[in-house]
Student: 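Take this structure, written in structure tokens, and hold onto it; I'll ask about it next.
Keep in mind that what you see is a predicted model, and the values were worked out from it rather than measured. Just so you know, ligand 1 is whichever comes first in the structure, and atom 1 is the first atom listed for that ligand. Residue numbers start at 1 and run along the sequence shown.
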Amino acid sequence: MFSSLLKTPSVVFSAYVLISSFSAISAVSTDAHLPPLIKWQGQSEKLMTTRGDLVTDFEKSLGKSTPNYVDTMVYLEKLALSNKSQFSIKTIGVSSQKRAIKMLIASEKGTLENDKPTVLLQAGIHSGEIDGKDASFMLLRDISEGKRDDILKRVNILFIPILNVDGHERSSRFNRINQRGPIEMGFRTNSKNLNLNRDYTKLDTPGVKAIADVVNKYNPDLYVDIHVTDGADYQYDITYGYMPVFASESPLISKVLDEKFKPLLDNKLAKSGHIPGPLVFVMNKRDFKQGLAGWVATPRYSNGWGDLRNLPTILVENHSLKPYKQRVLGTYVFIDGIIDALSKYDSELSNAVKHEQTHLPSDLVVKRGYSKQADLMSFKGVKYETFHSELSGHKEVRYIGEKVQYDNLPIYWQKEVKAKVKVPKAYYIPSQYADVVARLKLQGITVKQVNGDFKGLQQISVTDFEFDKMPFEGRMRVSANFDYKKLPQISLNNWYKVETQQTLGKLAVHLLQPEATDSFFQWGDFNTIFQRTEYVENYALVPFANNMLENNPAIAKEFNHKLATDSNFKGSDKARLNWLYQQTPFYDKGYLKYPVLIESN
Ligand SMILES: [Zn+2]
């Protein structure tokens, strides 16, 4: 019954002995278990070279491997030295394990003080998905060697070869079972097991802190975050996406990406032999034909965050089942296309950005769901069959490496709006939350210090709440329902004020509005409000409450009403005394109160 499993190790072992005697770069086959390949050839293969001082490690390995951190940094230095008048290197951050996170800056005259648009290319946020590093190295090499002297005439480039540098060094042949190469690849999360692509609002990792800093300092016109995706087999090798127009909080930007960038990119990729496709996921991995899931990123992801910052952001997801060489070459062509599109549509894009920066919506969507009704799309799929697996005891899928065209494949987009919030005028944060204030500032949000008397501010109370059962990204996340109450005039000393009428106003709302999925509140930054730390003794409460009910008919009436209508309340001494305690002035006024106050519009 387990024969196929028992056979595998000996097959792999003999393949290893055979291949390793051929060449140093070949190794044990770690992809024999993957679905069969559809043979690929493309014009882009001509981009690889074996000549010159700047042949990349990827090229030396014939497209099979990627250099480790040290060799990557050596190559980066060599590249910068080869073209000193146009390239320079900056250290943008230091990882938890003390590795420098570096960025190469490329511009025509060695300065970013020019009218050209700037693209930020980011590789290795998930360091096993490292295609962007080796592709960009080839492109920058071609610039340095004069083969592509057109590029810096049109754009400036900021290039981060490895963002998750510590994960990159947790390198193994066995890090990504669904992926065809490179031979050794890095790990998804960082040295503290944090996923950088969930960190864009909370900013716990040095890597994403560095990105926030780079974006604020260099103000790129376009941000490209390069990954590798799995999930299903299909023909596409380079898939990419951005916030869909219907879900975008900067829809004019999405429209330019959709109407101008996408046709140019798809055309360029297709001409070079690649198969560009949409960024999609599968509703049911055991039954592809049920359709695709049209995902919408929340702000914890690069593309969701970029959308709220009015920063045009493209998420590239190369298909993990395609060989490393094909993916890297496709990424080169993609970046080349990005440069074409950015230089051609610079004014359309920057006009859209300017508009979105100054147009603050009156409300923002904080929760979405999948539409019940599917849209239909054509899709270049791969045939599959199903079989009963003795191992899982379940029906499983086997992709068979033959093309199939779906003309009307259902796709379920997250079009259903489940919750919205009104955009307030401002938030007020007490001084003890300096850590929250520091992260707002790191995001680039303007925060002012305020003192004095304020009228009409609202306090948000938690009415009921639920903690996740497990930590997520090292945090105990919480979701809650809330009650809003207008406060009488209050005096604030050394508080911080965040106005929403600012360039990053939409991001500020998503960080500070506790209903928002990726707010500081839901990430657990205010978890101390869930703890009551002063208590009451019944011998003190009962006489106090008796006196209170005698002197306060409104409270007495409500108490009697609750006794008459709520049998649980009536039957619980604990509930009765707790309610009475809440009515006294002794009750903890900070308990379940969100410390940030709101000024409505
Ligand atoms: Zn990824």
Student: So which N/O/S atom does H227 have closest to the Zn ion (ligand 1)?
Tutor: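 Distance check against the Zn ion (ligand 1) picks out ND1 in H227.
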
Student: May I ask you to check whether E317 brings an N, O or S atom to under 2.8 Å from the Zn ion (ligand 1)?
Tutor: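 Checking E317: none of its N, O or S atoms is under 2.8 Å.
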
Student: I'd like to check the salt bridge (Lys or Arg N to Asp or Glu O under 4.0 Å) partners of R475; sequence neighbours left out, ordered by chain and number.
Tutor: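 Applying salt bridge (Lys or Arg N to Asp or Glu O under 4.0 Å) to R475 gives D204, D525.
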
Student: With the Zn ion (ligand 1) as the reference point, give the N/O/S atom of H126 that is nearest.
Tutor: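 Nearest N/O/S atom of H126: ND1.
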
Student: Specify which N/O/S atom of E129 comes nearest to the Zn ion (ligand 1), by atom name.
Tutor: OE1

Student: Is there side-chain contact between N195 and I125, with heavy atoms separated by less than 4.5 Å?
Tutor: no

Student: How would you list, by chain and number, every residue that makes a side chain to side chain contact (heavy atoms under 4.5 Å, CB included) with E45, sequence neighbours excluded?
Tutor: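 E45: side chain to side chain contact (heavy atoms under 4.5 Å, CB included) contacts with W40, Q41, K325, L329.
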
Student: With ring centroids as reference points, do F137 and F58 lie under 6.0 angstrom apart?
Tutor: no

